[in-house]
Amino acid sequence: MRYAFFSLALSLLAGPLAAFELEERVLFDSPGEGPTLRILSTTDIGLMRPVIEAFLEENPEISIDYHAASSTEVMLALTEEAAEFDVAISSAMDLQVRLANDGYAQDHRSDATRGLPEWARWHDQVFGFTLEPATIVLSRDDFEGMDLPQTRQDLIALLRDNPEQFEGRIGTYDVRTSGLGYLFATQDARTSETYWRLSEVMGGMQARLYCCSDDMIGDVASGEIAMAYNVLGSYADARTDLHEDIHIIRPEDFTTVMMRTAVIPETAQAPDAAGLFVDHLIESSWAQENSSFSFLGVTPQGLAQSASLRPIQLGPGLLVYLDRLKRRQFLEEWSAALVQQPE
Amino acid sequence: MSIFRAGTGSIRRRLTLQLLASAALLAVVLFVIVFNFARQIGAESQDRVLAASAASILEATAVQSGEIVIDIPYFAFSMLDNANDDRVFYQIAQDGEVLTGYDDLQTARGPGSAPNFATVAFRGEVLRVVTQTRRLSSDGRPVNVTVTVGQTRDAQAEVLNRISRMAVALGIGFFVVSALLAILAGRVTAESLSRLAASVSRRGPEDLRPVVADVPAEMRPLVRSLNAMIARLSGAFNRTEDFIAEAAHRVRTPLATVRAHAENTLRRVDREENRDSLREMIRAIDESSRAAGQLLDHAMVSLRVDQLELHPVDLHSLTRELADKLAPVAEMRDMDIRLNRMAGAEVMGDAILIQNALRNVLENAIKYSPADTAIDIDLQVRDHRAYVSIRDQGPGFRPGEASTLTGRFTRGENAAGTIGSGLGLTIADEVARAHNGQIEMTNNTEGPGACVTLSFPLR
């Protein structure tokens, strides 16, 4: 390995260094004289490592200081804290749009960004580089010999018909704590009323609430729960070791597709290197065959495979659900539907 | 030398320039109108969308158990999305207290509940904002909910840019088309003028018919005046011709009568001194008769030369006929007119004028030669010209005199004692020159006498 990696424990970073909470920090130190690219990301380093290594391969003079944090912390760091980062990568499209809308991002234009479809970039500031569908993950054991539900309607019928089998064995995001869960839930609610019916049904069966897709996938694979709703498909796809235990369903009525987005913050110290890195993210997602990427990239053909894929639109519409009042209302309704029993 | 005063310019150029200037002015006016119109439309359409957005938020505002509940619809902001990704800011306030949104966003103030619009600066951007208020009732108390939605104006600027580019293209296109039309109009106008000019200048000098060219109404007075002038000119020519003919008749007849009487009287008078007086009288009468004849000839020649009509003239037969005609006059002085080498030659010209010229030369020869001599006439063709030479055996020209004799009323030194007006050679010279010909006066190299040669280009 040409680079020295420093995986630093959270505790090391606590204290005066940063007021926002970091989950992980990895330094890809290059012997070159080039700038150090500070990346703040919601994506686990494990998933990003191959992409970063490919980038360093091409740009050996650049060092990368990779910080992982939750989407809320990413937002906080860049707005309230005015922390200096060169690239912000997040799955929370709404927060990224808000960053750009509120003027915390800077423009970046290149051949790569111009190659992006119109719907995958906003204001030359927010660039989508992955297509990650929200899927339903089912346990193979539980659905042995059963018709797999292909739509939400199927799922509702199935749950209603087999309450004893699924009671307490359904998982979904706790949208109160997970930004991505909230994004998926609001988009579902916007797309179809079926979401609320499904939520009612899941809530009636004491659905278990999760913070992260990985946990849900793990629990479905282990048989802890029978199914999980709105699991990040890219994570499920990446867990090839578990594919013998799970089915990954993209609902046919509609499949919400999240784009992982990159933003170059206003405060970037190395905007040129940041631009190179963003271009690399976009371009490496195009090279599907020998890709080091575990994600489906944003390509004009990316959506052609199925008419039910609905990418979340980058745009001011996303600001609506970030509104304080709107969020409070949504959460109230969501809690009423899903949590039901007082906590 | 130009007879036209400078500075009057060309109608075509002036007309074209005036049309071009007005086309350019119109193009600029067109651009300004389209541009302003586009700006207004653009601003209005943005205002409308902003107002619709604010209205949709107010629409979703309600009072639930004494509390203001605002369920911002997704489309309230998504309707503001556009190709230029304009940024959106909003603020919702209850009785002046901000409930949600961007606290520091400036609102558009104004009277009434109708949407108010303003252009404000916010975080380094220029925003168009709309502020709309809705009055609700909460527990019997009136509550004012104010919604302000703002948007950057990139899309509008872009549209305006595109439209102004289009307006520029439109203006330029308009100008180009107008310019082509202007040039065309200038050309058409100038053409009808030059058509008239061509139809006037194309006609021969003898053609004094009225101009009937098809001209625009504005040029008809000009054509009418031109035709009136032509009519007057034609009348003047006719009268002059009539006058010359009349004058010749009126002068010659009484002179002939007087001469006849004088000769009769001479025969009857015996006293030598009376006879001398009578002879002197006859001589004077001859002189005036000849002078009058030549003056009238000259007038006629001048007139015909001015409006020369060219026809094929057989110089050979013309010369022959003239020799025959003057043979009796020569015989009276026992002179012989000899036609020597007579080539065949045809020239373009006025037969009457050429005959007149030759007759004057021949008459001079007869007049200035001693009796009992011969006059030799040759017609030769050389270098595409016909040469008619008339040689006498008279005194010839004095050296250096030849060139002056073609002046009016100039007579040779040797002419004293001979009747003459001094117009003969003048006429011959004028005729020769009118026909692109020449008159050459020399003395014979062998023996005495003069040689006058008239040359004309062959047909």
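No experiment lies behind these values; they were computed from the predicted model shown.
The number of heavy-atom neighbours closer than 6.0 Å to CZ of B:Arg187, taken from other residues, nucleotides and ligands shown, is 12 or below. Around atom CZ of A:Arg114, more than 12 heavy atoms belonging to other residues, nucleotides or ligands sit under 6.0 Å away.
Both the backbone and the side chain of B:Leu99 come within contact range of chain A, with heavy atoms under 4.5 Å apart. Only the side chain of A:Glu118 comes within less than 4.5 Å of a heavy atom of chain B; its backbone N, CA, C and O stay farther away.
Closest heavy-atom contact between A:Gly315 and B:Asp81: CA-OD2, 3.8 Å. Residues B:Phe89 and A:Asp102 approach most closely at CE2-OD1, 3.8 Å, considering heavy atoms. The shortest heavy-atom contact between A:His123 and B:Asp154 is NE2-OD2, 3.8 Å.
Counting heavy atoms from C-beta outward, B:Tyr90 and A:Val320 have side chains that stay 4.5 Å or more apart.
Note: B:Phe77 leads B:Phe122, B:Phe75, B:Phe77 in heavy-atom pairs under 4.5 Å with chain A. Of the listed residues B:Leu80, B:Ile92, B:Val69, the one with more heavy-atom pairs under 4.5 angstrom with chain A than any other is B:Val69.
Atoms CD and OH, from A:Gln187 and B:Tyr74 in turn, are 5.5 Å apart once rounded to the nearest 0.5 Å.
When the heavy atoms of residues 321-330 of chain A are compared with those of chain B, the residues falling under 4.5 Å are A:Tyr321, A:Asp323, A:Arg324, A:Leu325, A:Lys326, A:Arg328, A:Gln329, listed by number.
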